[in-house]
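Below is one structure, written out as structure tokens, with a few remarks after it.
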Amino acid sequence: MNGRTLPVVATRYAQARAIRLKPCAIAGAVKISLPARGGVREAIDLLESHRGWLAAQVAKWPVAVPFVHGTRLPFDGGELLVDWDEARSLRVLRAGDRLLVGGPAAGVADRVKRWLLREARAALLPETQCLATSVDRTLARVALGDPVGRWGSCNARTGSINYSWRLILAPAWVRQSVVAHEVAHLVHANHGPGFWALVAELDSRAGESKRWLGRHGRGLHLVGR
Ligand SMILES: [Zn+2]
């Protein structure tokens with residue numbers, strides 16, 4: 001595909017009626033859903049007949065941004081240049097728009113990722129706490145993960161909120177929109193009119209932020225891959 005070879009991942013679904021092709025930038029693969037039985041021959045034909053379409057989709061994929069020396073990372077609305085020098089200390093330090101990383105090359109990616117997770121936590125924890133207090137709810141726990149399908153989730157019963165650590169790669173106002181959305185779920189465990197009224201109160205840029213994530217979210221998932 002455009003000079004690259006892509007893996008094809010086929011999964012059978014009991015409920016699948018039609019065979020579906022889905023190029024997935026995050027997995028770096030073409031996903032095929034098949035019904036419970038049969039369909040392999042048709043899937044191969046479908047792949048063949050959609051070569052041009054698949055190539056066009058893959059050409060639109062955002063470029064992966066590995067955590068290596070010289071990479072420019074999106075970060076908090078700006079960019080950070082990963083600047084690695086083995087002689088430096090193992091502690092990752094930010095100096096303006098550079099991220100100074102030391103130690104053996106093999107651990108650079110891990111150290112950058114841990115630094116980003118710490119930054120994400122340092123931003124999201126107080127932002128969430130502050131909004132939760134403003135709506136008079138107790139926040140029991142904020143956790144960070146790397147889910148693909150969502151930027152945040154909330155369990156109103158336990159008072160816990162989960163975020164994608166990748167929100168630290170987005171501009172602050174986008175991240176804060178996700179915080180407002182999840183905190184509003186501490187009050188309303190649904191997407192009803194009351195929920196949206198509270199979101200509008202907590203965040204004036206909710207729609208804009210949703211569009212931003214729709215446009216750039218996929219790219220954020222390729223950071224560090
Ligand atoms: Zn929601």
Side-chain angles (χ1 to χ4, degrees), residues 9 11 13-16 20 22-29 31 33 57 60-62 65 73-78 113-114 116-225:
V9 181
T11 311
Y13 295 96
Q15 313 89 329
R20 277 182 205 286
K22 188 173 168 253
C24 174
I26 296 163
K31 292 187 174 175
S33 42
Q57 300 302 306
K60 284 190 272 182
W61 281 1
V65 183
L73 296 177
F75 180 81
D76 202 21
K113 168 124 187 246
R114 277 202 300 273
L116 286 167
L117 274 161
R118 269 201 305 277
E119 291 293 312
R121 176 167 288 281
L124 285 160
L125 213 59
E127 285 163 3
T128 309
Q129 186 62 66
C130 174
L131 273 194
T133 306
S134 80
V135 296
D136 213 10
R137 284 297 184 275
T138 310
L139 185 66
R141 179 167 176 265
V142 171
L144 296 184
D146 194 9
V148 171
R150 45 171 56 178
W151 296 100
S153 59
C154 173
N155 185 328
R157 200 174 43 78
T158 60
S160 51
I161 292 181
N162 288 281
Y163 294 112
S164 162
W165 69 265
R166 294 175 187 278
L167 285 169
I168 197 64
L169 307 173
W173 62 270
V174 174
R175 179 181 77 234
Q176 285 152 9
S177 275
V178 176
V179 172
H181 186 107
E182 299 313 329
V183 167
H185 275 315
L186 287 175
V187 182
H188 302 278
N190 54 53
H191 287 131
F195 168 82
W196 289 115
L198 180 57
V199 166
E201 233 175 81
L202 298 176
D203 169 32
S204 56
R205 298 176 79 177
E208 211 184 323
S209 137
K210 190 167 180 231
R211 282 192 296 280
W212 192 96
L213 286 169
R215 206 168 308 134
H216 305 285
R218 222 162 47 147
L220 299 189
H221 277 291
L222 292 181
V223 172
R225 291 191 204 269

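First listed ligand is number 1; within each ligand, the first listed atom is number 1.
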Below 2.8 Å of the Zn ion (ligand 1), tally up the protein N/O/S atoms for me.
-> 3

Does the R137 side chain pair with the main chain of T133, one donor and one acceptor, at a distance under 3.5 Å?
-> no

Which word best sums up how the rings of F195 and H188 line up, parallel for under 30°, tilted for 30 to 60°, or perpendicular for over 60°?
-> perpendicular

By salt bridge (charged side-chain N to carboxylate O under 4.0 Å, His left out), which residues pair with R20, not counting sequence neighbours?
-> none

Excluding sequence neighbours, so at least two apart, what forms side-chain hydrogen bond (donor to acceptor under 3.5 Å, both in side chains) with R205?
-> E208

Could you list the residues that satisfy ring pair (Phe, Tyr, Trp, His ring centres under 6.0 Å) with W61, not counting sequence neighbours?
-> none

Return the orientation label for the H216 and W212 ring planes: parallel under 30°, perpendicular over 60°, tilted otherwise.
-> tilted

